[in-house]
Every structure is written in C-alpha cells, then in structure tokens.
Amino acid sequence: MDYDALVVGSGIGGMETAIKLGDMGYRVLVVEKEPSVGGRMVLLSKVFPTLDCASCIATPKMAATVHHPNVTVVTDSEVTAVARTGDGGFRVRVHTRPRYVDPAACTGCRKCEEACTVAVPDEWNGEMVSRRAAYIAYPQAIPQKALIERPGTSPCTDACPAGIKAHGYVSLVRSGRYEEAFRLILDATPLVGTLGAACYAPCESACTRGELEGPVAIRRLKRFVAERHYAGPDGPGVTPPVPNGKRVAVVGSGPAGLTAAWQLARAGYAVHVFEAGPDAGGFLRQAIPAYRLPAEVLDRDLANLAAVGVTISTDSPVGDPAALRADGYDAVLVATGTPRSRRLGIPGEERAGVATGLAFLRDVRAGRAPDLAGRHVVVVGGGNVAVDAARTAARLGAREVTVAYRRSRGEMPAHPAEVDDALAEGVRILFQVAPVDVTGQEGSAGTAGLRCSRMALGEPDGSGRLIPIPVEGSEFDIPCDLVIAAVGLAPADELAASLPVHPDGTAAVDPRTLQGPQGWLFVAGDAVTGPSDIAHAVGQGRRAAHAIDCWLQGREPDAFAPLDDRLPAVDRTSVLARQRTYAARPRQLPPAALRDEPRDFSRVEPSIGEQEAREAAGRCLDCGVCSECGECLAACPADAIDLAMRGEDRSLDVGAVVVATGYRLFPADLKPQYGYGRFPNVITAMQMERLLAPTRPYTSVLRPSDGRIPLRVAYVMCTGSRDESVGNPLCSKFCCMYSLKQNELLMGVLRFAELTVHYIDIRAVGKGYDEFFEQAKGMGVTFVKGRVAAIRETPEGNLVLRYEDVDRGVVGEADYDLVVLAVGVLPNHDLDRLLSEAGIAFDDFAYIAEADEDYSPAATTIPGIFVAGAVSGPRDIPESIVHAGAAALQVAAHLERRSVPA
Amino acid sequence: MSATRSPEGSGTNEPRLAVYVCQCGGNIGDYIDTQHVIDVVRDLPGVQVARDAMFTCSDSNQQEMIDDIARESLDGFVVACCSPKLHTFTFRGVAERAGVNPYRVTQVNLREQCSWTHTDDPAGATRKAIRLVTAGVARACHGTALEPVQVSTTPCVAVIGGGVAGMRAAIGLADVGLDVCLVELEAELGGWTGRFGELFPRGVSGRALVRRMRQEIASRPGIEVLTGARVVGKSGTYGNYRVTIAIGDATTERTVGQIVVATGFDAYEPVAGEFGYGSPGVVTLPEFRRLLDETDGPIVHDGRTVRSIAYIYCVGSRTDGHAYCSRYCCSAAAQASLLVADRDPDLQQYHLYRDLRTYGRNEVLFGESRRRGSYYLRFADDDPPQVSVDGEGVSITVHDLLTAGAELTVAADLLVLVTGMVPRPEDDLIAALKLPVGRDGFLNEIHPKLRPVETVVDGVLIAGACQAPKTVAESVASGMAAAAQAAAVLKRGVASLDPQVAIVHDAACDGCGECVAACPFGAIALAGSDGHAVATISASGCKGCGACTPVCPIGAIDLQGYTDEQVRAMIVGLLDGGVR
C-alpha cells in the first residue's frame, strides 16, 4: 500500500485530518488542486469571535502539514479515479498538472512575475486586482514557488504554421517591449519584416477577439516591431555562435531555405545557400508583388542572415545535391519550392498571348513588365498567384482585368482579404467559369480571347470541395489580349532524380524529419508540401533545421516542440465565458489604401505607430493566459522555468479516503436583483475579507468603482441562503458571524462610516458568538431586520437598497456607497461524479451524506471513505477542525480493522 | 548542539544569533517601523543576521531562516512576532530542521504586547519594540541548549462522563487500540441523551442511540466502565497520570496517558415565577420533552387535554448571568412543535422568540414548523413577554415585532419555557484537574481553532457540552476529536516534555522547604541523607511555572530557559534598548 490514507483537499479540514493521522503514525497523502495548501482560511482577514489574524493561525497549520514526516502533499493535483480494492482499501488515480516551474530550482524570488507580460484577474484577491500569468498565489502560499498558468495554447499561436508565438509578441508589444517582441519572432525566422508585410496571418483568423468586433491586428503588430527595429542602427543583435565545424548546404533561398539557414547558422553550422536566380529570396523576391512585399523589407531580413555568417550564392542552380555532399557539406537541404507552373491543358495554350502567373509576376519583379495599357487581361485560377497576377496586371495599366475561377467564392483558395482587395481595386471575378480554348487572332500567333464554359458544381471531391462539371452549351467568349494561367505550381523536376516523389511531384519524405533515404539529404518547404504560403514554409525550414541538427549531432530525431508539442488550443468559447460582458472596441488602425484602378506598386497598407500598436495589442484577451513570450525564461536566475513540462498521472493504493474539498461560495450573480457583476460597488463578503486582510490589495477599504473610501456600508445577509428561490433552503451558518466580524473590523478601518446590517435572524450560535454580536451592537453597527428586495445603482455609483424593516413595519429605501453581500455556501461538486461512481450517497441538499451522523460523524455510506469539514454541510472553522478530528479517528479505526485479518 | 562559537570574551560566550522582525502582514508593520527596529538591533552583540519579513511564520521565511542558520553557523535566533502561544512550536520546528537546539529560539511578542496595544502611537510602539527585541537578544545571548525529557506513555485514557460524547470517545479510542477507563457519576451510562426520544435533525431516538453505544462499549474488552464514580484527584506526570476515582466510599487509582473530560451540562432551571415557572401549565423544554416522550396520543397535561401551546425562547440564555446563546434550543423547540403536530395537527402552537437560530440544516425544522401551522411571534430583546397564570390556563402578552409591535395576548393551555444549557457545578473536578473555566462558566479550550479540544493542562482534553452548548451530533463529533487528539499522543508511545523546568543547585540548597510549599504541582520534594536534605524537582512533574524560584531565600533554584542571569540581562536590555 502506498499510503494509509488519502486526504483530498488541504483546507483547514484536510490539514487537520492529515496532521492528526500523521501524529498517530499513519502515512498520509494530501492532494490539493490549487497551487498552495491552505484552502480559504488563510485568505481571510481575521476570525470570529477572537479576532485572531486568520493567516497567523492557518500558516503554521500549513507549514506543519507540509513538514510533517508522515504527510506527503501534492499541490496542483486532482483525484481522477477512486475504486475499491476489495480488501477495504482503494486504488486511486491522481493527476498532477504541470506548474512549468521546477519547484526544486525555484527560489520564489518572483523575478518571473515581474517579467511576465500577461495580467489576469487575481482570484486570490477576489478578482479586484490583477496578477501575472507567472505568479505565486499569495504571500503565505506553500510551496512558495512560482507557477505559470497555461490552460492551453492561445488560438493565434496554435494557428501559426511557422510555430511563432503570436500571443507572445502581442503581449510584448502591449507591454512596450518592442525589441523583445522582435527578438521573439527572430528566434523563429529571420523573415520578420517579410512576415509582417506579407503573411496571410492565420493567427488573425483564429483570434478569439474575432467573435467580438474583429481580430487583433497581429500581423500589423509584427510589421510594427520589424519596422521599429529596422529603423534602428543595430543588426539582428545576435552574436554569431561558436562554429561547430560542420557545414550545411541549402539549395533555394525562399522562406524555407532562409529560415533553415538561420536556425542552423545560429546553432554553429557553416551554412551556404545556393540560389538559382539572380537575387536571394526565391518566391519572396520573384512572385510576391511589391505592393505587398517591397524589396527593401526583404533586404533588411536578408541582412539578418549575413550577421550570423550565412553566405548566399546567386545564379547558382544546383543540379544534383550529391555533388554538394561530395564537396564536403555534411548535409544538404533542398528547398527549391514549386518553380514549375501547371498547364491549362486546353487548345491554344502555346499562343504568344498566354503566360503563366509565375512567369508574369517574375517578369514584373525583374523589371520586364509588359505594357498592358488599355489591354484586357484574363487570369485563370483562384489561388493567391492568380489574385496577385490580377492585381499586378491592374497596376500595369490594364483596362480590364477578369479572373475566371471554376468554383464558387467560398472555395477559392486565395486568401479572402486578398480577394476583397482585388475586388476593391476593380478586378472582376467570374465564378464557376473554366477556360475551354484560347482563341487566336486571325493570322497571328497572338490571342484574341478566351472561350469559357460555365460550370455546375457536383459532388465533393477528396478535399471536400465540389467538383465542377461543365454546363453543356454554356460556352462564351471573353475577348482579351493576355491570358494569365495561374492554375497551380509544382516542384522542380530534378527533385525526382534525388529521391522518391509523390505523383504531384512533391518529395516523399518523413513529414516529421523531412529526411531523404540518403540520410544527408533533407527536403523542406513547398517541395514537400506543395504550394503553400510563407508561414508554412518558415515552419518547414525550422523543422528541417531541427532534424538536420539532430542528425548531425547523432541524436534521435525528437519532436520539434514549437510545432509538434504544443498544448492543445484553449477553447474560444471558454475564453469568452470568463467575462460576462466585453466592451466592443472599434478598430482604430488606418485601413489599407485601396483605390480603383491602382497604377503603381506602392504598399497599400500603411504602417502603424506606437500608439496604435499598443492600442491594438491591448485588445488581446490572453486566451491561453501565458503568452509564451519567454520573458520569464530570460528573467529566472535559477533556470527553473520549463514550458515543456507536462502533467502526470499516478495510480496509488490507499487504505482510506478522506474527502475534504470544502464548500462552494454562492455565486452572487444568481441573485440578479442585487446587481452583483453589474454594479461595481456591490461586492461579496469574500471580497471584503480580502480588502480587510493583512495582505490586502489596498491600504484601506476602497470601493471598486472610483476608489473612494465608503462612508455608508450595508450588508445584505442570507444572500443565497434560506432562499428557496435559488434552491438553497439551508442556513449557511457562518455568514452572520463573518459579517459581524467584518463590521467590527470596519469600525476600526473606516472610523466615520455608518454600518448597517440587513438581516433575518442573527445566528450567533457558538462559544462566545452571541457575546460577539452584543459587542458589534455596542460598537454602533445598525441592525435592520428584514430582507433586501432589490438594489439599484445611481449615476454616481451609489446603491439604493429597497428593504423591509420588520421591527418598524415599513418598507424603506436607503442610499449606500458600498454594499456587501453575505454570500452563503453550496455543496462543492468537484468529486461528485467520481464519488457517485464509487457508490456514495448524497443528502437532500446534494451534500455528501453522513447517514449515521449521530453515531458516526464523518462516515459516508461507503466504508473507508470519510468526509472532513464543510464538504458535508456548512461548518465554521472550529466545527471543521473538530469534524476533522472525528474523521481522523474514524480513519484510524478503519485502518486498524483492516490490519486485523478477519 | 550548537555549531561554531566565537571566541569567548570577558567570561561570557557570545553566541551567533539572527534576529527576525515580523510585519505580520499589517498587524505589526502598520504600526511598528520594522526596518528601523532591524537597523537598531543589527549592531547588538551576537547578532549576525537581522531582517524583517511580511510573515516570519510563512514557509518561505522559515526556509530563509534555515538557510541563514547554515550559512552563518548560527547558534539560535530571536523572532519578534506574535504571542508565543501561537508560534512557539512553529519556530522550534524551524530550529530543529536547521539542526539548532529548539530552546535556543527566543520569541518576542511584538503584536499582542506592542503593535496592537499602541495603534495610536506608531513612534512609541517602534521605540518599545526596540526595547523588547533588545531584551530578547539579551535572553538569547545567555541561552543554553536544552534537551526535552522523553517519557514513555501509558496507552490508556480516562474518559470522565458517560454521556454520548464520553461514550463515543471511549468507543473510538478502543477501536484504535487504546484502553479506556470510562468514569460515570450516575448508575448508568447515557447522560441526557438517554432520557429523550426522537432527536433533531435526523429523528434518531436518544434512547436508541445510547442503547447502541452501551452495546458497543460492552463488546470492547478494552473499555472499563466505572459507574457511580467520580474522579477526585490527579497526580503523576504527563503521559502517565494517576487518576484517583471514588466509588461510593472506596477509592481506586488508574494510570492513564490522557484524560478526556466530558461531563456535559445542566439544563437551565428557571427561578420560581420566571415567566410563570412553578405555576401549573408552565414547564421547561426538557420537562415538555419528557411529557412528549413518555406518552402517546393526545397531549395531556395535569389531566387536561392540551389544545394550545406557547413557547417562550431564550429562557436562561442571552440574559444577564447567562450572556451566551445555548445554540440547540431554537432547533429543539421547533422540532418539539413538529412532534406535537404529528400527534395533534389541530393543536395551536405559538412561538415567542428573539432571533430564530435554526442554523445550518436545522433551518428545515423551522420551515417545516411554520408549514405545519406554528405561529412565530418576535419580541424585542428588552421587551420580554408578560405571563399571567389563572385557572383557565396561561395568558401571555407580547409586543410582536412581526406585526409592527402590536400587543397580542396568547392564551395557551401549556407554556413551554425554552430553556438553555448551563455549566455543571463541577467544582471538585475542576479543582482536582485544574481545569480552565471560561467567563461563561463552561470549560475552556486552549484555542478554538488551533487546539479546540485541548486545555492548558497538558494531556487533559475536553469534549461535549462541558465546553459549550452543543447538540448530540456535535457532542459526539467533539468526543471523537478529543479521542483523536489523545490517540495522536499515545499511539507514539513516547512523549517529549518541555525541559524549561526548574533545577536546584544542590550545593547551595539548605533544605528550607519553602519551594516545596510553593510548588502548585507537587513536583518538589526534600530528599537526601546524612543530615543534608536538599530540594529535588521532578523534571516530568515540573511545569516550569517559576513559582519556586522567587521564594528560595538563597537563590538556589533556576528556571531553565529563564535563568536569573537571563532575566537580569533582559531587564538591562529593556532599559537600554535603543538608548545606548
């Protein structure tokens, strides 16, 4: 048996049970779901009726629990299964969530917290102030070690095919750390400016804010940090690493090849890039029009490579990679993309007035633009190349530009924003139209027009898109001077000479390692994936560099963490559910300058300034909480942070189980007439506890809306208790007392405040409690018997209570600065499913039943499973401690019975 | 124990010390400038480390202390924080984990004795704090390592009182392998609970519950039951107390490791004339319950069928002389009205109350009682109902706050005074065990949250309604909690006793015997031969109270941990602190 007893929950009940059992000599495992032991008591201000400092009582219990020689505590953990073993014991499963901080190394210095760029509401302070994603729960938390809240990967980061931490640089920009943001992107790729200009930004499509007024302008933030960095005098600011003596050749200088070269060079490899064309950059240089990606942006990015020693030869086509291997390169990466254009496969395609999209764009970028003034151009295809070609043709003066696409708009592979922009620039798009024949001019090789057929859409094909079928007799002619065929791209033919290829010409390599059968040969980018986009190619380049490094260093190729080992993305619905309301913030960024019939290649999208960038980044909802910006990693002096940590599950045999998971506070917004959540100055008593606690967020008690010191404070008792309308007929037992206590404390803090308690019955039933009630009355607290019917807010943020004064027999209204709801308690359902499966019974009020409470308090309906504290009904602290003592004795008796063979 | 020592100077060892000043969140830090205190005491002799902390008791600060001790090879430390009542064991534990003798820790009370008492004068509080800490450092400078006295304990518990709390404690103790001597004053086990039928909130019969407990006790050979018995004396030492029990004229002794006191309560007995008590038709709640439990069918009192009942709440509770709330009575009266309604649904019932305290689940009883026709009327604290009794029945006049203070007169065949619990007059037992009694007359625990079943007398625990009014289920739970505490000590088999006890310098003692008379624990005896008798002090019997040291005319007794030398040094420290 692993432990004599498992105690679930380390509030005051759980700790007391564990200590008592440990004292008796039993080995105890305490499982706590929060990052600290201690439960709620340690967060309270003082405790009734002695007015002891709560944390002064709870803290030593916490320390005694974790230091007890017979007690083992695991935090951040939950029990996920409980099964009886037949010998009176139980087999349990415990899941431990990762803290992403090695507790052995962490010194609790909180440097990570200072560095963290994400602020979220601090649940340990009633969500009245914020805390960081990297944090220590509260000053007395045990263990006093940091953790990082990471419920999952943010949707933007998850969507990035390049594995760039989109949320990370957004949160860095929000914090004004622009250079750090640049560096975070630079860590993935040298093409920071390029991506900022021309990435199709799948991150923005995934952005949760898109469900509100529109996504965060993530790509433009990237462009902002790139421009800001490049405006400065420094290069990339990366010190070239110590050479490791190995050489790698990269064939092709597109985004995949350049990214791989960057990563390998920084790892110490001597990298040489061979580019077939006259300039480095591949498609970035040749295919993407300058109004999207100006040459100088790419040039700045290329300078990053030079800074780490990457050399590039242009006009250097490589026929056979084996020759490079023979030249002494330890590995060769082929990243030659998809330079081959697919053919239309219709008559007349060979005519002079027909060009491929790629050749057309390449000629334009190379300064060999045809004169299209007054001409009519038809572009065939629906991809990004087609749209780029159409918009380029328009800029060259074409009178009319028509795009013919054989499916409908929804199926168009081009990025929707590009399509929108093209339409705005006057490009005409014909949907469900396919070319049939290029018609010629009489007696000339030139083109007179394009005969097309209308298409109907049939069954879906393998990709889910509907198959277009020509409509018989629907043919028509489009007169035109130039036909641009942009119907697909394919890898270079030479690829097949070096390694096996798929029917579409792409390299047949292991998609994880990208390694060819030779070992030394790797392929990356569109040559593997087929035509994609810059971000995918960057991801391929990173993956290839990782695989090459593994191979050359003799390591087994492991998963490439930025792409293969991300946490599952957080669910956008759950992100939006964190808050009840969101203010729609109209977008402030300058829009793209689109005009009908553009005639030059200037950038259509303006830069944004610092103010706009901060404002844009400020919209981020921090979906995954931790943004993975990496600031904590840099700040931690103990190297304790490890974002690769993952949760673990353990199965354990225990002799008995004690459920001490405590209560659930009544959610005050379930009484909408009291306005909690809508009126900022209506708070719960738990929030008041924090305002009064020794570790309080402010120096005084301030009301939330305007930080004013309240002078008239009202308490509304029985919020969520003794109330059939919310399904809780029970009295919560301790709300009267904590409210009396808070009133006595407020008398000291707010010396001039008028304090009023609206109550039904003051239930001061315990040792010294009624005396405490008399004391509060004596201090001048006003007690009004009667329920509060409703609360409304005045324009100044004050609150008008409509209440009954039973003793005077009147209904009245009164104005207060601050209203405190004395919320009651409800059963905690954390373990309900688990315990129901184990066969445990619940009582009429959904608390775990203590069926034989008069004789066997703390015993449940299952022998060997016990309860301690408020989990089986409302109990105050002394009652919970006594109950925990009873539970400990029951556990001991159970264990003694088990140890005697029947 | 102590590690390195600096070279001796002028005959005194100067130990290497750390000083920690706690802010206690804002409890101390809001009033005392802890940084200033640190700045002043940093230069005191022996002080190697001085720092303040938000919570010195927090785990992280404890770890820092341990690190300091290792790095600076410290011999001990002074921690200026709250009362030693709260954290003595916490900081001794720190010392132990750091490998330093736990008795080289000095705790200075800056909270209860300084910041909380001088909230109006932060500057003065800071000056006083400097003096207090200086005195603490002085004491620590003259401290020595002490080793706890280890005693093996007797695996047997005396449980005094055979009500439900005591009986259930006895059963629980037997179940974990400890012997029990259960001492009951009456001829039979059972106490109050055994006299009643159906109990709230679960409807369990008190008589059946007691019957069940008696059977469980009878089936456990480890439980010895002494009825008609009372504990009249206690001697011996912690872990091995000898308890003297009188049974009739005879006395007997048992050696026990722990003692659980569960002597219960008395029902409040109204004085004659109080709300008509003593007149026909006026009964207390326990009397009424007897009437209900011992009869069937229509409710008959004094030969008349009762058609209406009035209840007056808070009789003997929340009043002068009994300021406390008796907790159980509201629920008990509400439940009684349900029992009445079961038997005679047409019977009129009027409840005259102040605050209806059917707390927690008992709220259901209140709701049910109203649903079944009981009327509830509320009177003001200072305006109790007036009762007059004539041959026709009882007439009660009340200003009902629930009907805007209207004066109503209720005519009832029977008036039930909802009486509370009062402490039992256990003066002899209290004297024999030196039990602490609270202002309300009930027995007192050390701390309601930290140590709710323990008393200031080590090894003497309390359970049930002798501590405060409790229901049956609450009493049973507290009996088990006391049993758990006793088991936590006795299952280990050995106990460590505080070595801060008095010692006699034999050579100096002239055997005058003053100290023998002064010792409240009987721990000192004169012993010796060849004509020179000297005082000897039992280390396990001495409680370190210090009563003997000042009475010794020649100063031959020292209290370890508070030696004359230490106390003198503290006085100097108090006078000089911050002034030097």
Side-chain angles (χ1 to χ4, degrees), chain A residues 20 23-25 47 50 52-53 55-57 59-60 62-63 66-67 108 139-140 142-144 693-696 722 729-731 733 761-771 774 785 806-809 845 853-855 857-858 873-874 877-878 881-883 885-886 888-890 892-893 896, chain B residues 24-27 54-55 57-60 62 82 86-87 90 93 97 168 172 175-177 199 202 204 209 212-213 318 323-325 327 355-361 363-364 367 401-402 404-405 442 448-450 452-453 467-468 472-473 476-478 480-485 487-488 491-492:
Chain A
K20 280 286 174 291
D23 282 351
M24 291 183 210
V47 288
T50 49
D52 280 314
C53 155
S55 48
C56 305
I57 296 172
T59 315
M62 290 158 68
V66 297
H67 295 304
Q140 313 98 306
I142 297 179
Q144 192 70 19
T695 51
R696 56 193 173 258
R722 302 180 68 185
L730 298 186
C731 158
K733 215 173 195 176
D761 295 286
I762 293 293
R763 294 193 161 162
V765 286
K767 187 157 178 164
Y769 289 11
D770 200 54
E771 295 87 326
E774 293 299 325
K785 182 178 166 72
V806 170
D807 289 350
R808 288 172 44 227
F845 307 100
E853 192 188 1
D854 300 283
Y855 179 76
I877 295 166
I881 290 179
V882 166
H883 194 244
L889 191 74
Q890 298 267 27
E896 295 298 322
Chain B
C24 197
N27 284 308
M54 180 185 266
F55 285 107
C57 58
S58 71
D59 195 59
S60 57
Q62 292 186 22
C82 51
L86 215 51
H87 279 326
T90 308
R97 279 183 280 137
R168 192 61 183 85
D175 284 348
V176 299
L199 302 171
R202 282 165 210 283
V204 170
L209 179 63
R212 177 179 175 190
M213 288 191 182
R318 304 179 66 195
Y324 55 89
C325 162
R327 188 174 173 101
D355 285 288
L356 209 89
R357 293 181 168 174
T358 44
Y359 58 89
R361 294 166 184 283
E363 178 72 6
V364 176
L401 295 173
L402 302 183
F442 289 94
K449 294 173 187 69
L450 286 174
V453 298
Q467 182 179 21
V472 169
V476 166
S478 82
M480 296 179 77
Q485 172 59 27
K491 292 281 280 179
R492 267 176 292 185

Quick one: closest heavy-atom pair of [X] and [Y], and the distance?
| X | Y | value |
| --- | --- | --- |
| A:Met24 | B:Lys491 | O-CB, 3.6 Å |
| B:Asn27 | A:Pro694 | ND2-CG, 3.9 Å |
| B:Ser58 | A:Thr59 | CA-CG2, 3.6 Å |
| B:Arg327 | A:Gly766 | NH1-CA, 3.6 Å |
| A:Cys731 | B:Thr358 | CB-O, 4.1 Å |
| B:Val176 | A:Ala892 | CG1-CB, 3.4 Å |

Checking B:Thr90 against chain A: side chain, backbone, both or neither under 4.5 Å from a heavy atom?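 Just the side chain, heavy atoms under 4.5 Å.
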
Answer with side chain, backbone, both or neither: which region of B:Cys24 has an atom nearer than 4.5 Å to a non-hydrogen atom of chain A?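 Looking at B:Cys24, backbone and side chain both touch chain A.
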
Could you give me the CA-CA distance, side-chain angles and deciding distance for B:Tyr324 and A:Asp770, then say whether side-chain contact (heavy atoms from CB on, under 4.5 Å) is met? CA-CA 6 Å; B:Tyr324 55 89; A:Asp770 200 54; 5.5 Å; no

Do A:Pro729 and B:Val364 come within less than 4.5 Å of each other through their side chains, counting heavy atoms only? no

Quick check: do A:Gln140 and B:Met54 have side-chain heavy atoms less than 4.5 Å from each other?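 A side-chain contact under 4.5 Å is absent here.
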
Show your working on side-chain contact (heavy atoms from CB on, under 4.5 Å) between B:Cys325 and A:Tyr769 and close with a plain yes or no. CA-CA 8 Å; B:Cys325 162; A:Tyr769 289 11; over 6 Å; no

Residue, of [options], that accumulates the most heavy atom pairs under 4.5 Å with chain B:
| options | result |
| --- | --- |
| A:Gln144, A:Met62, A:Glu853 | A:Glu853 |
| A:Pro874, A:Ala888, A:Cys53, A:Gly809 | A:Cys53 |
| A:Pro143, A:Ala693, A:Pro878, A:Pro139 | A:Pro878 |
| A:Ala63, A:Ala764, A:Ser55 | A:Ala764 |
| A:Val765, A:Val882, A:Ile877 | A:Val765 |
| A:Asp52, A:Ile881, A:Asp807 | A:Asp807 |

Report the option among B:Gly367, B:Ala477, B:Gly26, B:Gly25 that has the most heavy-atom pairs separated by less than 4.5 Å from atoms of chain A.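 Maximum pair count with chain A is reached by B:Ala477.
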
Side-chain H-bond candidate by donor/acceptor type, B:Gln485 with A:Lys20, under 3.5 Å: yes

Answer with side chain, backbone, both or neither: which region of A:Pro60 has an atom nearer than 4.5 Å to a non-hydrogen atom of chain B? both

Contact class of A:Tyr855 relative to chain B, heavy atoms under 4.5 angstrom: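 It is both, since atoms from each part get that close.
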
For B:Arg202, is the CZ atom crowded, meaning more than 12 foreign heavy atoms sit under 6.0 Å from it? yes

Would the distance check show the side chain of B:Arg357 and the main-chain N or O of A:Asp761 forming a donor-acceptor pair, the cut-off being under 3.5 Å? no

Short question: side chain of B:His87, backbone of A:Ile57 - any donor-acceptor pair under 3.5 Å?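 Side chain of B:His87 to backbone of A:Ile57: no pair is present.
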
Give the intermediate values and the outcome of side-chain contact (heavy atoms from CB on, under 4.5 Å) for residues B:Asp175 and A:Glu896. CA-CA 7 Å; B:Asp175 284 348; A:Glu896 295 298 322; over 6 Å; no

Step-by-step side-chain contact (heavy atoms from CB on, under 4.5 Å) determination, B:Leu401 to A:Lys785: CA-CA 10 Å; B:Leu401 295 173; A:Lys785 182 178 166 72; over 6 Å; no

Sidechain N-carboxylate O distance under 4.0 Å for A:Arg763, B:Glu363: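 Here A:Arg763 pairs with B:Glu363 in a salt bridge, since their nearest N and O are under 4.0 Å apart.
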
Ion pair check, B:Arg318 and A:Glu771, cut-off under 4.0 Å: no

